[in-house]
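The figures that follow rest on heavy atoms only: side chains count, while hydrogens, waters and symmetry mates do not.
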Amino acid sequence: MHQRHLPASPNWYCSRCSDLNGKGVLGFGAKNTIYLLNVTAVSPAVTGELTGHTERVSGFVFCSHDGQEHICASTSDDKTVKIWDAEQKILLKEHNVHQSTISAVHWSPVQKLLLVTGDEKGIVVCYWFSSNDTQSFFPEPRTIFCLSCSPHEENYIAVGYKDGMIVVIDISKKGEVIHRLRGHDDEIHALAWCPQPREEPLYWRSEDNTGNQDINGVTEGAEMGYYLASGSRDQTVRIWCTARGKGVMTLKLPFLKRRGAGVDTAVKERLWLTVHWPKGRPSQIVSSCFGGEIIMWDLKKSGKQKWSLLGSSSDGQNHSRIVFNMSSFHSGDRELLLSTSMDREIKCWDLASLECCWTLPTLGGFVYCLSFSPVGTGCLALGIGDSMIRVWNTLSIQNQYDIKTFWQGVKSKVTALAWHPLKEGSLAFGTDDGKVGIYEVYSNKPPQISSTYHHRTVYSLSWGPPVPPMSFGGSGDKPSYSLYSCAGEGVIFQHDPWKLSGEASNIDKLIRDTNNIKHKTPPHTDLSWKPDSSVLAIGNEDGSIEVLKAPMLKLLCTVQQHHKIINSLRWHHEHSSQNELQYLLASGSSNAIVYVHDLKSVIETPSESPVLMTEPFRTLSGHTNKITSLTWSPHHDGRLVTVSYDGTAQVWDVLKEEPVCNYRGHSGRLLCVQWSTVHPDLVWTGGDDFTLHEWAVSKQEHVTPPKTKKRVEMGKKRGPQKKSKKKKKAPEKGGMKAEERELPLGEEIKGAAGSGAEEGQSDNDEEEEERENTDGPSVTGNGPSFLLSSFAVSSASSCFCASSAVFEMSLRLSGCRLMNNLYHWGHRLVQREHGACVPGSADHIQLGLFTDRDALYRMFQEEGDHVEAGHYDSMVYLRLWKGDLIGAINLAAEKGELTDHLLSLAPMAGYQVWARTVEAYVKQLCHHEQFLKAASHLVSIHKLYEAINLLKSHQFYREAIALARARLQPEDPVLKDLYMSWAAVLEKDGHYAAAAKCYLAADSSFDAAKVIAKKGDVISLRTAANLAQISGESELAHSLSLRCAKDLMLFQDWAAAQKVLRMQDSLLGHRLVFCVNEILTQRLADTDVVTWSVASSHTWSKSCDENFLSTVHRVWQSEFGVAAADLVKVKTLHQQLRATDNPPATTSVPLKQLLFHISLDVTLCALSQLLCDWPSVLEDLLRALTRGSEVGHFTLMTEVCQLLLTQGLESVTFYKQKLDPTDERILVISQSVEAFVCYQLMYKKWWNYSAETSALTNNTFSNGHCLTEKNHSEVEANCNGEAQTDVIFSEGFWKVLLSEPHANLQATQRAIAEIQRRVTSLIQQHNQCKDSHESSQALSTSQSETSEEHGGSLSGKRYF
């Protein structure tokens, strides 16, 4: 039926949504349809579709048994499983056992009649095709992602779950779990069994370290089980041995960086890892990778790189996005692999050469527009709803599907295309969001985008001659063609292709000025320039067509033929054998009729005033729904093709006014059509079924469109749709509505895109058109609506359902029948006086309108069908007219049909009735989530607190606070409760600033300060501290100020830190610590310890030659007023800082934080010195020195030691003289301080002596010659002098470090470490022996079982 075919894209994120049979037929699910392709190594060919599912197809699989390759099965989100005959394309059987969404399917390779499916609730269903029996299992309460039946054991099924678990179940034992394979920690995307049992040895590294491997690392005994491969989102492929239930190999995906492309960090997160084990290749596995690459793993290959990349010989062979499904088959002597991907391409690979054989592009959206290039022969552009433009070289010989895809700068559905008439490769496009741009398809540059956007969908684009104001200026200052765009808001813009960044002009202004138009012009919906660029035709929303003369756009005539929106306009081509045919203009609208007008006389001999044309040259009728597009054949005279919402394409002979043929290959509504510019017999059509068809006119069996049956069949294919209330919207162009909703494949709207409920006409529109196309008047009998055509009344609902039927029939009578009917009515009225007739009841209900009030009331009573039919409003009107206001209100309240109108009438029945009505209406409004309106009505009956609680309970806090502020007293507790509740919600959502405002409004300053401090930045902490201080929360202000100052200290902003601390008098002690820290940092800045820059500092912290502690005391006295004279103040500060937590030093503490901890110790030391507490001085000194040593920072320890003890051991001696010699504890502390001093001195002397010795050796043998005796004696004297000095300096110095207790301690530590090492070694040896013993027992047991099964001797075999 069709030549070439671009199908819809395979669905995404399905574990098995495509499959190949042995005859080379590929089937895949796309939306709710299954497409079938014949596959060879040369090219694919679409052979048909399987339709029947009402929702997305989630799985597809062929039966792999000989003679049954044509049998296939599919699963869907509609929870059904269907069995198909792919050759006959018919449904064989189906079942709907599943109650949840089906996520996995596989046909058993061993049992040819067994189909296994799994769903998201964890249910596994086995379905036997021949007997129609089912059996359900529930192995694990987890979400199933995939499953696979064993090709070797008919009862084994492997199931993969969302959480990474894999189980192997035995369906012959009621689904008993044989193995639980644990190793993956994320979704299992695919499972594949090794095609051959008793596998050959694989090169592997055991994961459980059981020792079951030989010297070469090759498995032995692997043939006892069956290998299973799994692919997971955790980026690994694992090989499992089902005999032992453990993994034997883990393959980590390589991250392949493409040429010229950066590493996308999001690629790893967007991963689908599918695996396929080709038949005949037991040691090779094919898997997908991160960015669309496909790799083949060689399981026997040693080394790190066990993989080979498919399509590595040249760029562009691999998929560009993740791969979802793979399957393979043998075509002659070649093994081919088919893959589907998120990039909407199906690729065929040769597994021998690892090269791509061909690529079939697929479509992920409606085919909105088609355009053949007038310059590049056979170059076809496609505008698709998946936000991409495709350019197809239809004349390519080597590749039938030579298609390039363009997506940069598009970002929305492409709804209009137009090639430049002269410039090759220049393609204009329009999008659903009103964007207009130009692509240069033969370059790699992004498109140029017009700065002028339409407000709605761009309907059509056309290149034409420039018109004012663009046509003004010299010939070199203006382009030869302008780009015109028409969009849904009814405006046509003229864009300058040389300067798209400039503002486009609206041609309506030129039309108004030229033709002196004062009235409002109808919105435009399409435009078409005559091929010679002399005349412009514009279609309008009201069905009129305006023909204007360029360049000033003078109105030549107006065509008033159509009565609905114009969807398409096309001029006949100029190169026909009959010159007068170039003046033919074809137009299609939503009334399903095509009109052709001959405008020769209007164009050649224009009149002074515009002509009104009401008679067409030809009328082409036959379509049963709106016309969406049309085009003339460039090869014939008067040959036209049209497409319609009826799902068919119709070819017309316009001159004969006859249909030629009708194409019915699509399964949805058609949106666009193009006649091949090369082949006179080929036509291209696209529609909302996501497909593009190429078909031959001469091969079609139908001549005219189907009347109504075709539309019924299309409705069945699309499946049942949920009806929704139709909203009034601005008129849109048929087939390209901005309301159309399309989602990526795998995420489609349920019911399949392209249904009438989603876009295009609604059911009501279709019924309206059917009535227009039906002869004679129409009367509907469903509901209370009747068409009173005799009175020229539009379809209006009647309040008298029961009586109007008889009355309606009487209105249609004429002549003697009408007279007879009137006679009977009069006779009944006479009978009423005698009691034989009761008007307003029973068979005489219609007479209630023509007699007395009692009869009318009886008629009202009889009209009770309104309530049963759901037309409560009609019954309410009747009760209101009768005067039963309370009854009308009660009825409406009971049925939930109260309205503002009834509410406004309620006060007529009294205040109590009105109040009850308001309360009932409030409940109704809350049910419809109209809470603001409900609260307003509560206020109207003075239920203010109830209104506030209603708003609060539904989190309308702003409205509730506004209402409370406006109507309640400021001290009302409800107001505070509102602020506190809103603050809690805001705080939970992370809106701390807004929450703080609420707490302040609720007079809760403490909570406001705490919540603003949660932001954690310096400004927020400072603000929170100030807020806490103002509100009198001194403790909170204290902690927040200190926290802010510490953050500023980390930024080395000393001035700001002191400023923050100065705000709190209680933080004077911490100010001293920060002062010491600043001075210490400035002193260490001259060394290699401090390498960072300082943001701000004080002048008193600059380095000087003064002793460090003396500097500290001087600055304290001058800047902070802390001196030895005020002992009470010093003692208080000392106690405050002594209570401050100063954690022990660790290697993970940052250097800035470590310096702060040292500064605290030094501050305590300096305060103790002012208090003359000399034991504490030495203790704090020791703590400061110890911190540098504990973190392994020798340089820091040395520099601190030199700063605090400038005279070395003499400084220590000075402090020791002030100690109590009887206090052993303090003497030990002093010795420790001496040890630190000696340690750094010894370190320094050691390296100085080493350097001098090296210099002596070098001087002695300089250049291979001995020095003179004089020089040698001088050097020796110098060295002896130094040595002597060392001896003198070190007297009593070495015993501190080389004492016997210290040596004993080190020896003990070494002994303990050696014992720990030996115990650890013994434990490891014991565990290895235990594991080896258990493994030997298991191996012996399996050997004995094997020997019993075979009944023979195992001699001659060796097991390790």
Side-chain angles (χ1 to χ4, degrees), residues 1-8 31 33 49 51 363 365-371 380 382-385 413-417 459-460 526 565 567-568 570 586 588-594 620 622-632 640-652 659-676 682-697 700 702 704-715 717-718 732-737 740 742 752-756 758-761 765-766 769:
M1 182 178 280
H2 44 255
Q3 309 295 311
R4 280 180 287 185
H5 188 142
L6 288 185
K31 304 191 302 169
T33 304
E49 305 170 5
T51 58
L363 307 179
F366 293 4
V367 184
Y368 284 106
C369 50
L370 301 172
S371 180
L380 177 63
L382 291 71
I384 311 298
K413 292 179 277 190
V414 182
T415 54
L417 292 171
Y459 288 157
S460 60
D526 198 16
I565 182 174
N567 293 328
S568 186
R570 289 296 180 271
S589 71
S590 293
N591 61 1
I593 299 177
V594 178
L620 308 176
H623 283 294
T624 58
N625 210 325
K626 63 175 65 176
I627 308 297
T628 55
S629 181
L630 50 82
T631 187
W632 294 92
L640 183 72
V641 59
T642 60
V643 292
S644 167
Y645 261 23
D646 62 12
T648 67
Q650 181 66 43
V651 179
W652 309 88
V660 177
C661 75
N662 182 258
Y663 177 69
R664 306 181 183 182
H666 286 272
S667 60
R669 302 170 298 180
L670 299 192
L671 305 178
C672 55
V673 62
Q674 280 284 299
W675 208 299
S676 173
L682 294 182
V683 178
W684 301 76
T685 52
D688 67 1
D689 57 357
F690 288 40
T691 63
L692 173 70
H693 293 191
E694 176 195 36
W695 48 274
V697 175
Q700 304 310 311
H702 303 286
T704 59
K707 295 302 179 182
T708 56
K709 185 178 179 181
K710 175 66 177 178
R711 293 176 63 191
V712 173
E713 291 175 353
M714 287 173 56
K717 289 181 180 180
R718 288 196 295 264
E732 288 286 345
K733 186 176 178 183
M736 299 181 191
K737 291 199 173 183
E740 291 176 342
E742 298 169 4
S755 61
E758 290 176 24
E759 53 183 335
Q761 288 181 309
D765 294 330
E766 294 174 357
E769 291 185 10

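The aromatic rings of Trp695 and Tyr663 lie parallel to each other, their planes meeting at an angle below 30°, with 60° marking the opposite boundary.
At a threshold of 4.5 Å between non-hydrogen side-chain atoms, the residues Thr628 and Tyr645 count as touching. Contact annotation: the side chain of Val673 approaches that of Val683 to within less than 4.5 Å [non-hydrogen atoms, C-beta and beyond]. Side-chain contact between Leu640 and Trp675: absent, with no pair of heavy atoms (C-beta onward) separated by less than 4.5 Å.
Residues Gln674 and Thr631 share a closest heavy-atom pair of CA-CG2, 4.0 Å. In terms of heavy atoms, Leu630 sits closest to Arg570 at O-CG, 3.2 Å. Pairing each heavy atom of Ser590 with each of Asn567, the nearest pair is OG-ND2, 3.4 Å. Heavy atoms only, all atoms of each residue included: Gln700 and Asn662 are closest at CB-O, 3.9 Å. Here the closest heavy-atom approach between residue Val643 and residue Ala649 is recorded as CG1-CB, 3.7 Å. What you find for His693 and Gly665 is that their closest heavy atoms are CE1-O, 3.3 Å.
Atom CG of Leu620 sits about 7.5 Å away from atom OG1 of Thr642, to the nearest 0.5 Å. Once rounded to the nearest 0.5 Å, the distance linking OG of Ser568 with CG of Leu671 reads 12.0 Å. Between atom CD1 of residue Ile384 and atom CG of residue Leu370 there is a gap of 7.5 Å, rounded to the nearest 0.5 Å. With values rounded to the nearest 0.5 angstrom, Leu670 atom CG is found 10.5 Å from Ile627 atom CD1.
Just one residue in the list Leu382, Thr691, Val367 forms a side-chain contact (heavy atoms from CB on, under 4.5 Å) with Leu6, and that residue is Leu382. A side-chain contact (heavy atoms from CB on, under 4.5 Å) with Asp646 is found for one member of Lys626, Arg669, His623, Arg664 and no other, namely His623.
No donor-acceptor contact under 3.5 angstrom links the side chains of Ser644 and Asn625, judged on distance only. Asp526 and Ser460 share a side-chain donor-acceptor pair at under 3.5 Å.
Seen from the ring of Tyr368, Lys413 does not count as a face-on cation partner, given the 6.0 Å and 45° thresholds.
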List the steps, then state whether side-chain contact (heavy atoms from CB on, under 4.5 Å) holds for Thr685 with Leu692.
-> CA-CA 6 Å; Thr685 52; Leu692 173 70; 5.9 Å; no
Please lay out, stage by stage, how Cys661 and His702 fare under the test side-chain contact (heavy atoms from CB on, under 4.5 Å).
-> CA-CA 6 Å; Cys661 75; His702 303 286; over 6 Å; no
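Listed by chain and number, the residues in a side chain to side chain contact (heavy atoms under 4.5 Å, CB included) with Ser676 are Val678, His679, Leu682, Trp684 (sequence neighbours excluded). Every residue meeting the side chain to side chain contact (heavy atoms under 4.5 Å, CB included) condition with Ser589, not counting sequence neighbours, appears here in chain and number order: His562, Ile566, Asn591. For the side-chain hydrogen bond (donor to acceptor under 3.5 Å, both in side chains) test, no residue two or more places apart in sequence or in another chain qualifies with Ser629.
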